[in-house]
Amino acid sequence: DEAALQAYFDAVIAADQKIEPRDWMPEAYRRTLIRQIAQHAHSEIIGMQPEGNWITRAPSLKRKAILLAKVQDEAGHGLYLYAAAETLGITREELVDLLISGRQKYSSIFNYPTLSWADVGAIGWLVDGAAIVNQVPLCRCSYGPYARAMIRVCKEESFHQRQGYEIMHVLGNGTPAQRAMAQDALNRWWYPSLAMFGPPDADSTHSAQSMAWKIKRFSNDELRQRFVDMCVDQVKALNLTLPDDGLRWNDERGHHDYTEPDFDELMDVVRGNGPCNRQRMAHRKAAHDNGAWVREAAAAYAAKKTSAKET
Ligand code: ACO
């Protein structure tokens, strides 16, 4: 009966074991996972756009090959994550439809424009850096397929983070114009990267329940703080400055104090009013529509194969 199933589920969570697709789970747990994994998958797919913008203009063949590989990795992450979401009983078609019709979200960060080559460096260093801080704990998430997908995703994100940091390092230690371009990119991406971790704990609707279910292992503010502390060390080798006058070490807390991002701006971007929301969605929808013939051809081919086997 339901009470026994719930007790078994609770015991698996308490013992830090994994819930697997065929296990019983509370409906709200299933819904929360579909929401989070789908948002995560959509973010990977939409996230290809800002960087894809620089593939044709990368400053060398080597840089172009690296960026191309990185953007392809993001597509791969999207696919593992859609597959993980599908184990919860929703189809890929439904998920794509939820994104395109605007009923599911994707990360706020991908609604900002990439204005210069240095933005590719800043995204790799900061955005992928923030993604790693957020996703390493998800490798221990209580839902097996999501946790396992995160292991590979995090390894690839580490490569992405290093390539971005290396771009910033070359520019930050380059000519005055290159250094100014890198500083400008850092100034524009810093606060949106801090906002990626979500609203402050007091305003985070899902955190308490998601932490009790061990989907989330740390709160939004804990991870944001960890990211700030990390960047303060990393920026030292870049010959650049984090754009926050309020940054200072707090001996008592054992962390850096810092200025919070503008959370009203975060919520406004999430509601669809960021600088690039409309462009991102229009582009995704056009790509989906333009791919209709490929899906139709693949389905026709699969049907032909099946009927050939039957006769
Ligand atoms: N962008 C868009 N929406 C956000 C963001 C953000 N940066 N942060 C929070 N939200 C939304 C939440 O989705 C939620 O809305 P919903 O109820 O409609 O789903 C609402 O704001 C309240 O936030 P929380 O209660 O804190 O939501 P949650 O517990 O899901 O925490 C978080 C948000 C930390 C982003 C979590 O979902 C998560 O860890 N997701 C997996 C990682 C991920 O999606 N990364 C994407 C970018 S990384 C990359 O692709 C490179």
Side-chain angles (χ1 to χ4, degrees), residues 28-29 31-51 70-71 73-82 84-85 98-99 102-112 122-143 146-147 149-150 153-154 156-161 163-164 189 191-224 226-227 261-274 276-277 280:
Y29 177 83
R31 273 200 311 276
T32 285
L33 278 167
I34 291 177
R35 176 187 62 81
Q36 179 167 329
I37 300 173
Q39 283 180 9
H40 195 165
H42 301 326
S43 303
E44 303 283 357
I45 298 298
I46 298 283
M48 295 167 77
Q49 292 185 42
E51 290 177 290
K70 195 216 147 175
V71 173
D73 283 352
E74 307 295 357
H77 297 176
L79 298 189
Y80 319 146
L81 285 161
Y82 282 132
L98 285 164
L99 170 66
R103 282 173 294 154
Q104 272 180 347
K105 299 189 165 111
Y106 60 89
S107 180
S108 52
I109 194 75
F110 301 118
N111 294 305
Y112 292 88
I123 290 183
W125 173 37
L126 298 173
V127 176
D128 295 313
I132 295 170
V133 169
N134 167 269
Q135 289 170 25
V136 165
L138 291 173
C139 297
R140 293 190 296 118
C141 149
S142 60
Y143 187 58
Y146 191 29
M150 281 302 112
V153 168
C154 284
E156 294 178 351
E157 293 292 1
S158 302
F159 155 64
H160 299 167
Q161 195 268 353
Q163 68 87 38
W189 288 94
Y191 286 106
S193 299
L194 294 189
M196 273 175 77
F197 292 92
D201 294 349
D203 301 331
S204 166
T205 34
H206 304 290
S207 278
Q209 182 60 76
S210 289
M211 286 177 75
W213 278 328
K214 297 184 182 171
I215 295 172
K216 281 170 106 162
R217 295 287 183 157
F218 299 96
S219 76
N220 298 358
D221 288 330
E222 283 171 326
L223 294 175
R224 193 168 9 248
R226 186 178 295 182
F227 177 69
D262 179 349
F263 290 113
D264 293 335
E265 174 181 321
L266 169 66
M267 284 309 144
D268 203 38
V269 172
V270 171
R271 274 192 297 269
N273 302 319
C276 299
N277 295 59
R280 300 287 183 244

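In listed order, ligands and their atoms are each counted from 1.
Looking only at heavy atoms of the protein, atom 30 (O) of ligand 1 is closest to Arg35 NH1, 3.0 Å. Shortest contact from atom 28 (P) of ligand 1 to any protein heavy atom: Lys216 NZ, 3.4 Å. In this structure, the protein non-hydrogen atom closest to atom 38 (C) of ligand 1 is Gln36 NE2, 3.4 Å. Nearest protein heavy-atom contact of atom 3 (N) of ligand 1 is Val270 CG2, 3.5 Å. The protein atom (non-hydrogen) at minimum distance from atom 1 (N) of ligand 1 is Ser108 N, 2.9 Å. Nearest protein neighbour of atom 49 (C) of ligand 1, counting heavy atoms only, is Phe110 CZ, 3.9 Å. Residue, atom and distance of the protein heavy atom nearest to atom 24 (P) of ligand 1 are Ser204 OG, 3.4 Å. Scanning the protein heavy atoms around atom 15 (O) of ligand 1, the nearest turns out to be Lys105 NZ, 3.0 Å.
Between the CZ atom of Phe227 and the CG atom of Leu194 there is a distance of 6.5 Å, given to the nearest 0.5 Å.
Tyr106 has its side chain out of reach of Ile45: every pair of non-hydrogen atoms, C-beta onward, lies at least 4.5 Å apart. When side chains are defined from C-beta on, Cys141 does not count as touching Met150, because their heavy atoms never get closer than 4.5 Å. Side chains of Met196 and Pro261 form no contact here, defined as non-hydrogen atoms less than 4.5 Å apart. Residues Cys276 and Tyr112 have side chains not in contact (no heavy-atom distance under 4.5 Å, counting atoms from C-beta outward).
No heavy atom of Phe218 sits closer than 4.0 Å to any atom of ligand 1. Under a 4.0 angstrom heavy-atom cut-off, His77 registers as lying outside contact with ligand 1. In this structure, Pro199 counts as a contact residue of ligand 1, since one of its heavy atoms falls inside 4.0 Å of the ligand. Within the structure, the closest approach of Ala195 to ligand 1 falls below 4.0 Å when heavy atoms are considered. Not a single heavy atom of Val127 sits closer than 4.0 Å to an atom of ligand 1.
Figure legend: Arg226 and Phe218 shown as a cation-pi pair, the cationic atom lying under 6.0 angstrom from the six-membered ring centre and within 45 degrees of its axis.
For ligand 1, the atoms lying closer than 4.0 Å to a non-hydrogen atom of Gly198 are 8 (N), 9 (C). Counting the atoms of ligand 1 from 1 in the order shown, those under 4.0 Å from a heavy atom of Glu44 are 50 (O). Interface of Gln39 with ligand 1, defined as ligand atoms under 4.0 Å from a residue heavy atom, comprises 13 (O), 19 (O). Close approach to Ala131 involves these atoms of ligand 1, each under 4.0 Å from a residue heavy atom: 48 (S), 51 (C). Proximity to Phe197 (heavy-atom distance under 4.0 Å) selects the following atoms of ligand 1: 34 (C).
With Ser210 contributing its side chain and Ile215 its backbone, the two residues share no donor-acceptor pair below 3.5 Å. At least one donor-acceptor pair closer than 3.5 Å links the side chain of Asp201 to the backbone N or O of Asn220. Asp221 places no side-chain N or O within 3.5 Å of a backbone atom of Pro200 that could act as its donor or acceptor partner. Listed for the Arg217 side chain is no donor-acceptor partner under 3.5 Å among the backbone atoms of Met211. In this structure, Asp128 contributes its side chain and Trp125 its backbone to no donor-acceptor pair below 3.5 Å.
Contacts of Asn220 with ligand 1, taken as heavy-atom pairs under 4.0 Å, involve the side chain alone. Heavy atoms from both the backbone and the side chain of His206 come within less than 4.0 Å of ligand 1.
Gln104 meets the side-chain hydrogen bond (donor to acceptor under 3.5 Å, both in side chains) test with His42; sequence neighbours excluded. Residues satisfying the side chain to side chain contact (heavy atoms under 4.5 Å, CB included) criterion with Ala149, sequence neighbours excluded, are Tyr80.
The shortest N or O to N or O distance between Met196 and ligand 1 is below 3.5 Å. Note: no N/O pair closer than 3.5 Å links Ser43 and ligand 1 by distance alone. Considering both main-chain and side-chain atoms, Glu74 never comes within under 3.5 Å of ligand 1 through any nitrogen or oxygen pair. Distances between N or O atoms of Tyr146 and those of ligand 1 include no value under 3.5 Å. Looking at Asp128 next to ligand 1, no N or O pair under 3.5 Å apart turns up. The distance criterion of under 3.5 Å between nitrogen or oxygen atoms is met by Asn134 with respect to ligand 1.
Atom 32 (C) of ligand 1 lies below 4.0 Å from none of the non-hydrogen atoms of the protein. There is a protein heavy atom less than 4.0 angstrom from atom 7 (N) of ligand 1.
In this model, a donor atom of one side chain and an acceptor atom of the other lie less than 3.5 Å apart for His160 and Glu157.
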Give the C-alpha distance, both sets of side-chain angles, the deciding distance and a yes or no for side chain to side chain donor-acceptor pair (under 3.5 Å) between His40 and Gln135. CA-CA 10 Å; His40 195 165; Gln135 289 170 25; 3.0 Å; yes
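The residues Arg271 and Asp268 are annotated as salt-bridged, a charged nitrogen and a carboxylate oxygen being separated by less than 4.0 angstrom.
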